[in-house]
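Computed over heavy atoms, backbone and side chain alike; hydrogens, waters and symmetry mates excluded. When a ligand or atom number is given, it counts from 1 through the structure's own listing order.
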Amino acid sequence: MMKIDVLTIFPDMFSGVFGHSILKKAAEKSAVQYNVVNFRDYADNKHQTVDDYPYGGGAGMVLKPQPLFDAVASLKEQADSDKTRVILLCPQGKQYDQKMAEELASEEHLIFVCGHYEGYDERIREHVVTDEISIGDYVLTGGELGAMVVIDSVVRLLPEVLGNQESHMKDSFSTGLLEHPHYTRPSDFRGMKVPEVLLQGNHKLIEEWRNKEALRRTLVRRPDLLEKIELTKEQEKWLNEIKKEYE
Ligand SMILES: C[S@@+](CC[C@H](N)C(=O)[O-])C[C@H]1O[C@@H](n2cnc3c(N)ncnc32)[C@H](O)[C@@H]1O
């Protein structure tokens with residue numbers, strides 16, 4: 001079972017996300033155990049202060065090293081695993097993607113450190129953290145939303161979490177491409193029709209249509225992804241056919 005610890009000064013923010021849908025079911029199935037910890041509890045000063053003014057002056061407060069150093073050390077001690085990834089959410093980190101989600105899903109113990117205010121003392125980054133992750137080129141008020149994004153994308157990949165493992169193997173990015181379009185009943189909704197091939201039950205033709213539409217989507221919306229993957233001969237042939245349609 002994967003163990004996920006979250007260090008935050010706003011633990012209540014996580015009850016909504018961990019208490020619903022797939023993330024809740026994952027814990028019920030014992031695929032994952034969540035532990036949300038207020039690192040204020042580890043502050044060794046009388047007022048449990050976790051932040052202080054920045055040396056050199058300037059706006060904003062900085063998270064002090066002591067509470068986070070001690071909180072991470074204590075969580076590592078409590079874990080069964082001797083291999084822990086300590087992930088700092090940070091706009092200056094490596095930009096998060098599906099490949100990183102897949103890699104993290106194979107770990108046993110993850111600790112997420114959620115920053116707040118202007119930032120954190122640089123010694124936390126240098127001596128406590130193993131990974132720095134950014135969820136995009138924009139600035140959030142705190143690392144909590146970033147941690148939720150990463151945790152959600154990791155937990156759904158754990159074995160047994162999604163009943164049908166195939167459903168995420170074909171997700172956008174897992175194959176290197178965007179996923180094909182989906183349709184459900186009715187086949188004719190106010191004159192808008194479902195592509196004929198999906199109604200005829202020929203699985204080989206359906207698979208071929210899905211593969212081609214995944215290529216089309218990627219070509220139209222994210223051509224940069226096509227440069228990062230190696231296409232099969234068949235995919236190259238389809239892609240050329242699709243490109244011709246747009247000439
Ligand atoms: C207001 S931000 C601090 C930004 C910092 N002064 C800087 O310019 O890099 C407060 C906290 O939000 C989190 N955060 C902000 N943007 C993020 C992003 N794009 N991805 C992940 N975490 C982010 C980090 O934990 C950060 O310490």
Side-chain angles (χ1 to χ4, degrees), residues 2-18 22-23 32 34-45 47-76 84-105 107 109-157 171-173 222 224-225:
M2 176 183 267
K3 179 152 193 239
I4 295 183
D5 291 311
V6 180
L7 287 170
T8 169
I9 45 171
F10 298 102
D12 291 349
M13 283 179 77
F14 288 84
S15 52
V17 169
F18 291 162
I22 305 282
L23 295 202
V32 64
Y34 311 112
N35 177 36
V36 185
V37 175
N38 189 338
F39 59 85
R40 203 178 280 289
D41 296 344
Y42 285 87
D44 64 6
N45 59 81
H47 299 289
Q48 291 195 300
T49 308
V50 292
D51 58 335
D52 209 335
Y53 294 99
Y55 275 123
M61 300 297 275
V62 174
L63 289 173
K64 291 154 68 72
Q66 178 274 320
L68 281 167
F69 266 67
D70 290 349
V72 169
S74 159
L75 293 175
K76 276 185 172 178
T84 298
R85 300 272 290 261
V86 183
I87 299 162
L88 181 71
L89 279 305
C90 162
Q92 301 173 17
K94 190 169 169 203
Q95 187 142 342
Y96 192 59
D97 62 16
Q98 187 67 15
K99 209 162 148 259
M100 290 160 81
E102 283 163 14
E103 193 202 313
L104 292 177
E107 297 289 347
H109 184 210
L110 305 177
I111 300 179
F112 289 85
V113 178
C114 305
H116 231 91
Y117 312 123
E118 187 56 25
Y120 26 78
D121 188 286
E122 191 66 11
R123 289 164 289 189
I124 296 168
R125 191 201 294 270
E126 286 168 355
H127 299 285
V128 176
V129 163
T130 59
D131 301 78
E132 294 180 37
I133 293 181
S134 162
I135 61 158
D137 286 347
Y138 40 81
V139 176
L140 304 164
T141 54
E144 285 76 11
L145 290 171
M148 289 175 202
V149 167
V150 175
I151 292 167
D152 184 283
S153 61
V154 168
V155 169
R156 68 190 292 282
L157 296 179
D171 277 343
S172 298
F173 309 113
R222 291 290 305 276
D224 58 300
L225 295 178

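The number of heavy atoms from other shown groups lying within 6.0 Å of CG (D137) does not exceed 12.
Comment: D97 does not engage K99 in a salt bridge, judged by the lack of any side-chain N to carboxylate O separation of less than 4.0 angstrom.
The ring pair (Phe, Tyr, Trp, His ring centres under 6.0 Å) pairs that include a residue from residues 115-149 are F10-H116, where partners are two or more places apart or lie in different chains. Residue pairs meeting the side chain to side chain donor-acceptor pair (under 3.5 Å) criterion with at least one member in residues 50-69, sequence neighbours excluded, are Q66-D70.
With sequence neighbours excluded, no residue forms a ring-ring contact (aromatic ring centres under 6.0 Å, His included) with Y42.
Panel note: side chain S134, backbone Q95; no donor-acceptor pair is recorded below 3.5 Å.
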Any protein N or O within less than 3.5 Å of an N or O in ligand 1? List each pair with its distance, or say none.
residue: ligand 1; atom: 6 (N); partner: E118; partner atom: O; Å: 2.6
residue: ligand 1; atom: 6 (N); partner: E118; partner atom: OE2; Å: 3.2
residue: ligand 1; atom: 9 (O); partner: Q92; partner atom: NE2; Å: 3.0
residue: ligand 1; atom: 12 (O); partner: G142; partner atom: N; Å: 3.4
residue: ligand 1; atom: 16 (N); partner: L140; partner atom: N; Å: 3.0
residue: ligand 1; atom: 19 (N); partner: G136; partner atom: O; Å: 3.0
residue: ligand 1; atom: 19 (N); partner: Y138; partner atom: O; Å: 2.8
residue: ligand 1; atom: 20 (N); partner: I135; partner atom: N; Å: 3.1
residue: ligand 1; atom: 22 (N); partner: C90; partner atom: N; Å: 3.2
residue: ligand 1; atom: 25 (O); partner: L89; partner atom: O; Å: 2.7
residue: ligand 1; atom: 25 (O); partner: G115; partner atom: N; Å: 3.2

